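Here's the structure, in structure tokens; my notes come after.
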Amino acid sequence: MSVRISEGTPNAGTPATGAARTPRMADHLNAALHTLLESDPRVFVLGEDIRDPYGGAFKITKGLSSRFADRVLSTPLSEGTLVGAGAGLALAGEKAIVEIMFSDFVTLAFDQIVNFAAKSTTMYGRPVPVPLIVRCPTGGRRGYGPTHSQSLQKHFVGVPGLSLHELSPFHHAGELLTHLLSLGEPCVLFEDKVLYTERIFRDGVVDDLFRFDLVGGPSGWARVGVPGETRYDCTLIAPGGLTRRALAAMRALLIEDDLLCRLLVPARLYPLDLAPILGDVTGHVCVVEDGTAGGTWGAEVAQALYPRLWSRLTRPIGLVSAADSVIPTAAHLESAVLVGEDTIRLAVREALS
Amino acid sequence: MSVRISEGTPNAGTPATGAARTPRMADHLNAALHTLLESDPRVFVLGEDIRDPYGGAFKITKGLSSRFADRVLSTPLSEGTLVGAGAGLALAGEKAIVEIMFSDFVTLAFDQIVNFAAKSTTMYGRPVPVPLIVRCPTGGRRGYGPTHSQSLQKHFVGVPGLSLHELSPFHHAGELLTHLLSLGEPCVLFEDKVLYTERIFRDGVVDDLFRFDLVGGPSGWARVGVPGETRYDCTLIAPGGLTRRALAAMRALLIEDDLLCRLLVPARLYPLDLAPILGDVTGHVCVVEDGTAGGTWGAEVAQALYPRLWSRLTRPIGLVSAADSVIPTAAHLESAVLVGEDTIRLAVREALS
Amino acid sequence: MTSTILDRDTVPLSPPSGEDLDRLLLIRHFELTLLRLFGEGRLNGTTHTCLGQEYVPVALRPLLDDDDYVFSNHRGHGHFLARHDEPHGLLAEIMGREGALCAGVGGSQHIYHRRFLSTGVQGESMPVAAGVALSLKRAGDGGLACVHIGDGTWGEGAVYEALNLAALWRLPLLVVVEHNGIAQSTPTTAQMSGTIAARAAAFGAAHHRTDSIDLNLIRLELAEPVRRVREEGRPTVIEFVTRRVGPHSKGDDTRSAEELTRVRAADWYVRYAAAFPEVFAAADEAQRLRMARITDEVAARPPSVWRAAP
Amino acid sequence: MTSTILDRDTVPLSPPSGEDLDRLLLIRHFELTLLRLFGEGRLNGTTHTCLGQEYVPVALRPLLDDDDYVFSNHRGHGHFLARHDEPHGLLAEIMGREGALCAGVGGSQHIYHRRFLSTGVQGESMPVAAGVALSLKRAGDGGLACVHIGDGTWGEGAVYEALNLAALWRLPLLVVVEHNGIAQSTPTTAQMSGTIAARAAAFGAAHHRTDSIDLNLIRLELAEPVRRVREEGRPTVIEFVTRRVGPHSKGDDTRSAEELTRVRAADWYVRYAAAFPEVFAAADEAQRLRMARITDEVAARPPSVWRAAP
Ligand SMILES: Cc1ncc(C[n+]2csc(CCOP(=O)(O)OP(=O)(O)O)c2C)c(N)n1
Ligand SMILES: Cc1ncc(C[n+]2csc(CCOP(=O)(O)OP(=O)(O)O)c2C)c(N)n1
Ligand SMILES: [Mg+2]
Ligand SMILES: [Mg+2]
């Protein structure tokens, strides 16, 4: 089984120029894992069906086991235990990346994450490093149905000792993974399943309208806007999985509704570090996410922003999320429940009308 | 083993007069379970060590198995499975109340609750009744340490098909349980462990200063205030477990700081029904809870309140919670992390100064 | 009780009833239809067909009563169709069309119809089935809860927690394991230490293993164990040694060509066709046609409506 | 490998070394001190003493190396003290005083000291220990991960998931089961179907059962199984048939008087005292005094400071 890595050699770290075709997220992430395993002999990857020739349900681990056979291990169907074993590796001085095949099943590892991995970093009275990343392929829009389509980020917000992250097409996956493993605390990394199939952005270029830059380090913020503009009618804040839908909404809002939006995408969802972007929040603020309504990540963003923006805000912060509903399988029912580009556009338009 | 029920006979439903000594919450809840099992032959109770003579770690199920031997069952140490079995009973037409010995271990049942019990009510395209209560003895202040002291309410907020409740000294436990089983959807019921040892309130009387009434039905709100007062400097919103600390803070604020507070305590934490108390929210709003900081229930309350109170609010809604920290075992460390009467008092005073 | 029947691939098959053959072939053509529709881009989402394993639920059919509960998993179309002759409803569910069993909300993996319930998280049904079995036991009508799981699902702790509970409480729980030697891409040897027989025994459950594909023979073997589940509240694990002839879901089969040849040669379809060429060919054609009609009919329906949407 | 040693309550004990006796009695007096302090209202929170089970970790002591990891549970004071002669640190931890092992944050149930780690959620350590064992295996120095669990903890699915993984990956995992016949208030018969031996076997783990309390004899029995864990990566379950002489935590013992009499008669403390009256009495008194001094000293310390508070 030959290794197929679309970014060229596993070492290829230099971004292509803006004009060239950028890799798809799945290949970009796969290449990042290759590089990481190669450069750090302490890194293990565990997960269901991750070995070659299968290479994982979403092929993110393709080629890894062929190169690093003793550190890339397919586990039985035991989500709790594969996370626990990752924590054990981490305690013993290794670094562990574990894959939950569908993030929906991370519920089975909730105890290991909340009550062991996260707590161990502080409950023994001194800092105990637990370098562990729990990778969670996430989200709907693929018709997989109620138990294979969820975005469960919100349930992990506010666990002491645990940080939450999400892949975005702006942030470099390899730098992010390296950074997360350096934190010494367990991280849950959400990865939008549709994003896997999309191309990443590089060199500050999004498209003909929008440009981006990065602030706040490898897990900081991507700031997307129109070159030269500083005052926006609306600031959208959204995790990486929402990027394409947010961009499409921004384009329509600009061209058809004459509303100028900026988009801010954090790689680290929690703890929130608002400092790098506080100055960039102008106009109406709207937090967009894929999770269902109620107890959302957006509510956390909003509660952190209200006191900081109190004098500037002219209306309540808007929250856009999926409906308070299971995610149906049939495409026409699923799209009625999930956040689409129209949901975002409508929310902004209504708030500003 | 004789049955010990402090409310007199298990049937005793009539509240004592305000002046009489009211029962402690543990006995009140125990009596409610006796009544429920007696009146409804479909009710089962499952949990670890719940049978007599032990009667549960907190003695809430005392006497039940002696009277209803085939419906009150001690399970092995299998939190996921005892909740799953409860859901199975519920699907098959029974009603199930399951006890998680310490709510910290409900993490082991997260999958059964989120991905099965809650989803089953809607994911089959038609309403499927799942009358199930997951009872969760909750909270710290007893020196049990990091894995036996948590308040995990926030992690269950916003699960479609799941409602969250908390015992309070104002709400009648029996009416609440009966109501929850009538909803046909799984409910998580948080029960503060210290509250177990405290006396319930009846007949609208709290103490020499404060009175209460109930609005919004068995899972609605208790409104606590000073008779005759309608405008308060501050409105505290808190789950039942916070009651004593909130009352102590309110007393000190009134007597020593000349600040008049009202307290609103919902039995149902989520979904939030703000309608019954929206008119009662005056002055500064402060949401108080026992969970750790970040992604709190309070953030959800706040995000629901901001748009509704937008024109009335003169400052951001205050959130009071435990620190972003594991809960240490030693009393002096534990109290530094948890919400105490002083934490509340200080928060209100600072906001209003 | 643990008994092992030796490989019967070479033993002559007993003649199936027409009804049995029809049911087997209906399921086969149902599954083939799904793969075809996916190939044509007419279905979205995912599916897991039971190609090669159709005979398991068909064999169990007469052993289960209407009042029994059946819990199914991701690979559940055969389980459903063996119990309910409602291919229209199931196809509509998978295609999201009017007349769908669950309004198109559940799709392939989440079906609840009368006392048949499937869900997509492996192992999760075991505790639920134990709870249902507790209710059935209390009712005292001899009902049982049957749970289909795969060999890979024995990785999940929930399986053991539930077995333990069922044995302690003497619950009428029948666990049907379709041991096809693989879980998604991982061979059983790489994910299960020890044997299913030993695991059942360790939890005080009875165990019966069969590698027959002969419906009549299987029923003879299982009648007594199933009776004991009902009458003695004896949790029992029935292990079918079987083969997944198709991919895990769609086009994701990484097994070697040799392995696939071996597996396909043992397919009940091939063996029944060889043993009873005429009746088989006629039934095969009939079910193929039936399924084609059903597909056309369902495909022409409007999208499903979810009346109970929250 | 499964072997069972018959009840030895009547077999004469071999003489313990002075060091062993001291360690046994230190743990005994440590635990008695805790119950007394609780009774006097000088400790808050909760505790689970290992009264009656002290000999288990003491017997294991010379079989474990410094580089081995030991995972302990709620009933872990003996496990700790057998490994580390640091009763001051442990008592300070439980009393929340200066010099506490974990700054008073962890308390009785959550200790991490060198390669000793305990936590309060039953079964949770098993997968973690498997991960540690994977690292040890890779290091190739013959280290092992030892996990203490009770009989009741076999209710948790995590135990089986981890055993499965350890057997598949041939990890040096040693599971020590203290089978005291009870979990909190529930007898093993009401919470475990089948046997621990069968459960180990079902997951491809070796099993060795002992009901001896004779330290020397136990070590003889266990030397070979422990060697095989290290050298062959053979996950092994060692089952100690033992007795909880005290309450589950504090004053919550609902066992009958007969049961308690039976259990107490088999207490190693009673039997060693009867077998070696003079050395025992002297050692007992010495450790009682040592513990009294430690208690006074620790109780006089100021409250612990949590420097790493978040
Ligand atoms: C808890 C959980 N983990 C992982 C999956 C993804 N998954 C679906 S089927 C499958 C393999 C199941 O193998 P087995 O139990 O042998 O059944 P088979 O597919 O062979 O019929 C996996 C890993 C899942 N659905 N649920
Ligand atoms: C997951 C979990 N469930 C329940 C408990 C509460 N609990 C603590 S010890 C115990 C009994 C444990 O029994 P066993 O494993 O036999 O150990 P023993 O107490 O007999 O030493 C229980 C139910 C817990 N700590 N963790
Ligand atoms: Mg299989
Ligand atoms: Mg025990």
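In the text below, chain A, chain B and the rest are named by the order of the sequence lines, each starting its count at 1. Scope of the values below: all heavy atoms of this structure, side chains included, with no hydrogens, waters or symmetry mates. Predicted model only: the values in this text are computed from it and were never measured.
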Indicate the atoms forming the closest heavy-atom contact of Thr81(A) with Ala158(D), along with that distance.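 Nearest heavy atoms, Thr81(A) then Ala158(D): OG1-O, 4.0 Å.
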Nearest heavy-atom neighbours spanning Ala308(D) and Pro127(A):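 The answer is CB-CD, 3.7 Å.
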Proximity breakdown for Leu46(A) and chain D, heavy-atom pairs closer than 4.5 Å: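 Contact with chain D involves the side chain of Leu46(A) alone.
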Using heavy-atom distances under 4.5 Å, tell me whether Val83(A) contacts chain D through its side chain, its backbone, both, or neither.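 No part of it gets close to chain D.
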Val128(D), Val132(D), Thr119(D): which one forms the most heavy-atom pairs within less than 4.5 Å of chain A?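 The answer is Val128(D).
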Can you confirm whether [X] sits close enough to [Y] that some side-chain heavy atom of one is under 4.5 Å from a side-chain heavy atom of the other?
| X | Y | value |
| --- | --- | --- |
| Thr75(A) | Leu168(D) | no |
| Pro76(A) | Glu161(D) | no |
| Val105(D) | Thr122(A) | no |
| Arg71(A) | Arg138(D) | yes |
| Leu91(A) | Tyr69(D) | no |
| Leu101(D) | Tyr124(A) | no |

Contacting region of [X] [heavy-atom separation from chain A under 4.5 Å]:
| X | answer |
| --- | --- |
| Arg115(D) | neither |
| Tyr160(D) | neither |
| Ile111(D) | backbone |

If we ignore hydrogens and angles and just use 3.5 Å, is the side chain of Gln112(A) paired with the main-chain N or O of Glu124(D) as donor and acceptor? yes
With a 6.0 Å cut-off (strictly less than), is the heavy-atom count around CG of Asp296(D), excluding the residue itself, greater than 12? yes
Residues, nucleotides or ligands: over 12 heavy atoms within 6.0 Å of Arg114(D) CZ: no
Top contributor to chain D contacts, counting heavy-atom pairs under 4.5 Å, from Arg42(A), Glu94(A), Met123(A), Lys119(A): Met123(A)
Max heavy-atom pairs within cutoff under 4.5 Å with chain D, candidates Ser120(A), Ala92(A), Gly93(A), goes to Ala92(A)
